[in-house]
Amino acid sequence: VLTRNQIGDDGMTAFSDALSSGALASLTKLDLRYNQIGDKGIKAFSSALSSGALASLEHLNLFGNQITNEGMETFSTTVSDGALRSLEFLDIGSQLEIVDDQGYVHITSTASFAAAFHNGALPVLRQFHNSRLADINIANFALRDRVLPLPPPSPPSLPPSPPPPT
């Protein structure tokens, strides 16, 4: 567990270089929550994964980092290409959501993750977590759009109608 170690991009790049060299080849769980990892770090990590690193990884948590759309697109494409076929649990936190001025939540990189679900790149994935979507049981699930509307606001409460005259 590497949670809250302030790894950052430089640390993640060094860690990824070690992974590419075969370090931790049989690792099954990696918790990188709250480590100030940004686009540079996730791109280095994605490159290591593409080279075959962490092929046995079953659980990955990236919640609470500083990955933007650009970095997450690289990561999701790597996943879609089959780099994490043993993955059963993936938590990307809130890093994919942007609420626009019309109240729609754009889940970025959704198309790449959807491709991974549909093309068999994640054959044993059982849980995908995004804080906007909450926990999703992957069985019988498909991401179809890149935009999810927020629920409409509740209408104001009206007083009850008086009973009809008798």
Side-chain angles (χ1 to χ4, degrees), residues 1-99 105-139 141-143 146 148 150:
V1 176
L2 297 173
T3 302
R4 297 183 190 271
N5 279 295
Q6 300 178 356
I7 293 171
D9 284 337
D10 291 340
M12 192 63 180
T13 299
F15 180 65
S16 298
D17 288 345
L19 294 174
S20 293
S21 298
L24 304 173
S26 59
L27 188 70
T28 59
K29 183 175 182 177
L30 182 57
D31 191 337
L32 294 169
R33 287 177 291 169
Y34 302 107
N35 271 298
Q36 301 173 348
I37 299 166
D39 291 342
K40 180 181 172 191
I42 197 67
K43 286 179 179 182
F45 184 61
S46 296
S47 178
L49 295 174
S50 293
S51 73
L54 300 180
S56 300
L57 196 65
E58 297 172 357
H59 182 109
L60 177 60
N61 196 332
L62 295 170
F63 186 89
N65 285 291
Q66 301 165 350
I67 304 164
T68 70
N69 299 342
E70 180 184 342
M72 195 52 70
E73 188 66 36
T74 299
F75 175 72
S76 63
T77 299
T78 298
V79 171
S80 182
D81 288 344
L84 292 172
R85 295 187 59 78
S86 297
L87 205 61
E88 296 177 13
F89 174 89
L90 175 60
D91 189 337
I92 54 171
S94 60
Q95 295 163 128
L96 300 185
E97 63 189 55
I98 301 169
V99 179
V105 178
H106 295 261
I107 308 297
T108 61
S109 305
T110 300
S112 294
F113 281 114
F117 299 149
H118 292 291
N119 71 14
L122 294 167
V124 295
L125 188 71
R126 299 291 173 253
Q127 192 171 29
F128 177 83
H129 179 81
N130 170 274
S131 58
R132 171 64 64 184
L133 299 174
D135 290 328
I136 298 170
N137 183 344
I138 298 303
F141 173 77
L143 290 172
R146 294 181 70 114
L148 302 175
L150 291 173

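Hydrogens, waters and symmetry mates are skipped; everything else that's a heavy atom, side chains included, is used.
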*Do the numbers put Arg4 on top of the ring of Tyr34, so that NZ or CZ is under 6.0 Å from the six-membered ring centre and no more than 45° off the axis?*
yes
*Side-chain heavy atoms of Phe45 within contact of Thr78, under 4.5 Å*: no
*Any salt bridge (charged side-chain N to carboxylate O under 4.0 Å, His left out) pairs touching residues 21-30, not counting sequence neighbours?*
none
*So how far is it from Phe63 CZ to Thr3 OG1, rounded to the nearest 0.5 Å?*
11.5 Å
*If you look at every heavy atom in Gly41 and Ser16, which pair is closest and at what distance?*
O-OG, 4.4 Å
*Any donor and acceptor pair, going by atom type alone, linking the side chain of Asn35 with main-chain N or O of Arg33 inside 3.5 Å?*
yes
_Minimum-distance pair of heavy atoms, taken over all atoms of Met72 and Ile67_ = N-CG2, 3.5 Å
*asked:* Closer than 3.5 angstrom, by distance alone: can the side chain of Asn5 be matched with the main-chain N or O of Ile7 as a donor-acceptor pair?
replied: no
_Quick check for you: to the nearest 0.5 Å, what is the distance between Leu60 atom CG and Leu49 atom CG?_
8.0 Å
*Is the side chain of Arg85 donor-acceptor paired with the backbone N or O of Gly120 at a distance under 3.5 Å, no angle test?*
yes
_Euclidean distance, Asn65 CG relative to Met12 CE, rounded to 0.5 Å_ = 8.0 Å
*Can you measure from CD (Gln36) to CD (Gln6) and round to the nearest 0.5 angstrom?*
4.5 Å
_Within residues 40-58 or reaching into it, pairs that qualify as side-chain hydrogen bond (donor to acceptor under 3.5 Å, both in side chains) - sequence neighbours excluded_ = Asp10-Lys40, Lys43-Glu70
*Can you see which heavy atom on Phe89 is nearest to which on Leu125, and at what distance?*
N-CD1, 3.7 Å
*Using a 4.5 Å cut-off on heavy atoms from C-beta on, say whether the side chain of Ile42 contacts that of Thr74.*
no
*Verdict with supporting geometry, Leu30 and Leu24, side-chain contact (heavy atoms from CB on, under 4.5 Å)*: CA-CA 10 Å; Leu30 182 57; Leu24 304 173; over 6 Å; no
*Would you indicate whether the side-chain heavy atoms of Phe75 and Leu90 approach each other to under 4.5 Å?*
yes
*Looking at CZ of Arg126 and NE2 of His59, how far apart are the two atoms once the value is rounded to the nearest 0.5 Å?*
15.5 Å
_Heavy-atom side-chain proximity of Leu32 to Asn61 below 4.5 angstrom_ = no
*Backbone N/O of Thr68 and side chain of Asp39: donor-acceptor pair under 3.5 Å*: yes
_Atom of Ala121, atom of Ser80 and distance for their closest heavy-atom approach_ = CB-O, 3.2 Å
